[in-house]
Asker: 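I have a structure I would like to understand better, so I am pasting it below and will then ask my questions one at a time.
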Amino acid sequence: MGLKVLTVFGTRPEAIKMCPLVKCLEENTDITSVVCVTSQHREMLDQVLGIFHVVPEYDLGIMQQRQTINEIMIKILERLDPILQIEQPNIMLVHGDTTTGLASALAAFYRKIPVGHVEAGLRSYNRYSPFPEEINRRLISQIAEIHFAPTKENVRNLLQENIQDRLVITGNTVIDSFKYTVSPNYIFKNTFLNKLIKKEKRLIIVTAHRRESIGEALKEICSAIRTIVREHKDVVVIYPVHPNPEVREIVYPALDQQERIYLTEPLDVEEMHNLMSKSYLIMTDSGGLQEEAPYFHVPVIVLRKETERKEAVKANTAVVAGVAEKHIVEVANKLLTNDITYRRMALTENPYGDGYASERIVMELLQWHAKRKNNKLKVEGGV
Ligand code: UD1
Ligand code: UDP
């Protein structure tokens, strides 16, 4: 009786963080690995699958333009259930805090299939920020039987909430992904990026897409970027814009055709990670970028009011600037003009692990399965 693991994910960040784990599962001869993508994202998901050469067994194909959270939830519950019935995995793995993660975990629970939660235990303790991710993640914690927490702080959060079953500190699998994406002599496929890094300018990468930022907050963020570029002539900004039309409707009118600001389509993850390694500063509301940047020794300005990546702030690799133009500009000015402040942030140790999170997860899964098999034999043998 080998171990059958069904891994489900659907958005870009989940794919970047789950593909290294899928690779590790596939390499282990005691494990049968089955992958199902929900395709909550389409183009951005396919970009990642291509880079990691992961070919899913199932694709729920749910994405729609301007989809609502309810639509995502309903479609996944409907379309995943028949696959669970066919595959009957020993365990299903979900990731993080997306609606794909929550809907899949719930579908598995309704079939009494155990759930393992990768990237468990992050908390902002503000139910509407990130929205709906904070509550998605807390609900998955209620369903999961194994919690793979990236850091000690994440385990502490779970213990405080009385979640005491299998908790494992693994590091974040995003660090594992760099083995597949980053190389010191990387040549960008996009020739514009090769030119950009050769300019004698400091490169700032910006990304902002969160639901709770769309509206006034994103407008303020865009104004801040214009001000920073105007005040620092040696700065260039690249902003790969999320395909969400509600994001684009704000970002393009505010920043397109501005001097030293380059808006692009989402970069594939190989281009993105290598570009990050060459950047001076990152300004973002993304969760993943907060975890990746310290590996490259690049300070992060978090374009949000708070973060659940608290170890990055504690380690001083990230600073939370809020969403008001004035504060964002103040924080950026300090980092762009004060070398000591900059170096203190840039030279800090990455708090997200050593790049072996996937191996730890696989080991834990095998131990968990062996224990369950033993217990089953004891029951059947009447011990
Ligand atoms: C989702 C996650 C968020 C994560 C983000 C990563 C939830 C509730 N939110 O938010 O936690 O940070 O993904 O990017 O799960 N679109 C495309 N093509 C794509 C992807 C998106 O056109 O490949 C457009 C579609 O119009 C879609 C919209 O973007 O309706 C929003 O996508 P959705 O997954 O609903 O929300 P995100 O904001 O991406
Ligand atoms: N990313 C990418 N191309 C881009 C922007 C981001 O490959 O143009 C990667 C980034 O390096 C990180 C992940 O996408 O690994 C973050 O995804 P996103 O910001 O969509 O989601 P979040 O992290 O906020 O959940």
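First listed ligand is number 1; within each ligand, the first listed atom is number 1. Only this structure's heavy atoms are used, side chains among them; waters, hydrogens and symmetry mates stay out.
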Asker: Can you report which non-hydrogen protein atom sits closest to atom 20 (O) of ligand 2, along with the distance?
Answerer: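 Of every protein heavy atom, R12 NH2, 2.8 Å lies nearest to atom 20 (O) of ligand 2.
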
Asker: For atom 1 (N) of ligand 2, what is the closest protein heavy atom, and at what distance to 0.1 Å?
Answerer: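 Result for atom 1 (N) of ligand 2: M272 CG, 3.6 Å.
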
Asker: Is E292 close to ligand 2, meaning an N/O of one under 3.5 Å from an N/O of the other?
Answerer: yes

Asker: Is E153 salt-bridged to K314, going by a charged N under 4.0 Å from an acidic O?
Answerer: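 Between K314 and E153 there is a salt bridge, with a charged N closer than 4.0 Å to a carboxylate O.
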
Asker: Could an N or O of ligand 2 be found under 3.5 Å from any N or O of D268, whether backbone or side chain?
Answerer: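 N/O-N/O distance under 3.5 Å: no.
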
Asker: Would D285 count as being in polar contact with ligand 2, using the rule that some N or O on each side must be under 3.5 angstrom apart?
Answerer: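 The answer is no, given that D285 and ligand 2 share no N or O pair closer than 3.5 Å.
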
Asker: I'd like to check which ligand 1 atoms, numbered from 1 as shown, lie under 4.0 Å from a non-hydrogen atom of M44.
Answerer: 20 (C), 23 (O)

Asker: What protein heavy atom lies closest to atom 9 (C) of ligand 2? Include the residue and the distance to one decimal.
Answerer: I16 CD1, 3.6 Å

Asker: Checking contacts here: is it the side chain or the backbone of S286 that comes within 4.0 Å of ligand 2, counting heavy atoms only? Could be both or neither.
Answerer: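 Both backbone and side chain.
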
Asker: Can you figure out which of M63, E246, R137, R42 has its heavy atom closest to atom 16 (N) of ligand 1?
Answerer: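 Result: the heavy atom closest to atom 16 (N) of ligand 1 is in M63.
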
Asker: State whether K371 and E364 are salt-bridged, where the test is any N-O pair (Lys NZ or Arg NE/NH1/NH2 against Asp/Glu carboxylate O) under 4.0 Å.
Answerer: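 Here K371 does not pair with E364 in a salt bridge, since their nearest N and O are not under 4.0 Å apart.
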
Asker: For D176, is there an ion pair with K23 - N to carboxylate O distance below 4.0 angstrom?
Answerer: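 No salt bridge links K23 with D176.
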
Asker: Closest non-hydrogen protein atom to atom 8 (O) of ligand 2, residue and atom name please, with distance?
Answerer: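 Looking only at protein heavy atoms, the one closest to atom 8 (O) of ligand 2 is L267 N, 2.8 Å.
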
Asker: Of all the atoms in ligand 1, which lie at a distance below 4.0 Å from a heavy atom belonging to P245?
Answerer: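 Atoms satisfying the 4.0 Å criterion: 26 (O).
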
Asker: Which is closest to atom 14 (O) of ligand 1 by heavy-atom distance: R12, H41, R210?
Answerer: H41

Asker: Spell out, yes or no, whether L365 and V94 are grouped together once hydrophobic residues are joined by side-chain heavy atoms under 4.5 Å, including indirect joins.
Answerer: no

Asker: May I ask you to list the atoms of ligand 1 that are less than 4.0 angstrom from any heavy atom of I72?
Answerer: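 Result: 35 (O).
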
Asker: For P132, take its heavy atoms, then give the atoms of ligand 1 lying under 4.0 Å from any of them.
Answerer: 8 (C)

Asker: Under a 4.0 Å threshold between the charged nitrogen and the carboxylate oxygen, would K219 count as salt-bridged to E216?
Answerer: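 Looking at E216 and K219, the cut-off is met.
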
Asker: I'd like to check which ligand 1 atoms, numbered from 1 as shown, lie under 4.0 Å from a non-hydrogen atom of E133.
Answerer: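 Near E133, the atoms of ligand 1 are 2 (C), 3 (C), 7 (C), 8 (C), 9 (N), 11 (O).
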
Asker: Look at atom 18 (N) of ligand 1 and say which protein heavy atom is nearest, naming residue and atom and giving the distance to 0.1 Å.
Answerer: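 Checking every protein heavy atom, the shortest distance to atom 18 (N) of ligand 1 gives E43 OE1, 2.7 Å.
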
Asker: So that I can tick it off, tell me whether R210 and E133 are bridged by a salt bridge, with the cut-off set at under 4.0 angstrom between side-chain N and carboxylate O.
Answerer: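 Judged by the 4.0 Å cut-off on N to carboxylate O distance, E133 and R210 do form a salt bridge.
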
Asker: For the residue pair F131 and Y128, does the interplanar ring angle fall in the parallel (under 30°), tilted (30 to 60°) or perpendicular (over 60°) class?
Answerer: tilted

Asker: Counting from 1, what ligand 1 atoms have a heavy atom of R211 closer than 4.0 Å?
Answerer: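 Counting atoms of ligand 1 from 1, those under 4.0 Å from R211 are 33 (P), 35 (O), 36 (O).
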
Asker: I'd like to know if R42 and D59 make a salt bridge, using a cut-off of under 4.0 Å between side-chain N and carboxylate O.
Answerer: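 Yes.
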
Asker: Quick one: does ligand 2 sit under 4.0 Å from the side chain of H273, the backbone, both or neither, non-hydrogen atoms only?
Answerer: side chain

Asker: What residue and heavy atom of the protein are closest to atom 23 (O) of ligand 2, and at what distance?
Answerer: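 Going by distance alone, atom 23 (O) of ligand 2 is nearest to G288 N, 2.7 Å.
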
Asker: Does T11 reach ligand 1 with a nitrogen or oxygen that is under 3.5 Å from one of the ligand's nitrogen or oxygen atoms?
Answerer: no

Asker: Can R202 and D234 be counted as an ion pair, charged N to O under 4.0 angstrom?
Answerer: yes

Asker: Should R123 and E161 count as an ion pair when the cut-off is N to O under 4.0 Å?
Answerer: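 Salt bridge present between R123 and E161.
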
Asker: Would you call the rings of Y342 and Y280 parallel, tilted or perpendicular if under 30° counts as parallel and over 60° as perpendicular?
Answerer: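 Y342 vs Y280 ring planes: parallel.
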
Asker: Any ion pair linking R248 and E265 (charged N to carboxylate O, less than 4.0 Å)?
Answerer: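 Yes, this pair counts.
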
Asker: In terms of atom number and element, which parts of ligand 1 are under 4.0 angstrom from non-hydrogen atoms of Q65?
Answerer: 22 (O), 25 (C), 26 (O), 30 (O)

Asker: Provide the number and element of each atom of ligand 1 under 4.0 Å from a heavy atom of T99.
Answerer: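 Near T99, meaning under 4.0 Å from one of its heavy atoms, ligand 1 has 7 (C), 8 (C), 15 (O).
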
Asker: Considering distance alone, does some N or O of M44 sit under 3.5 Å from an N or O of ligand 2?
Answerer: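 Min N/O separation from ligand 2 is not below 3.5 Å for M44.
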
Asker: Can you pull out the closest protein heavy atom to atom 21 (O) of ligand 2? Residue, atom name and distance to 0.1 Å, please.
Answerer: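 Protein heavy atom with the smallest distance to atom 21 (O) of ligand 2: P13 CG, 3.3 Å.
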
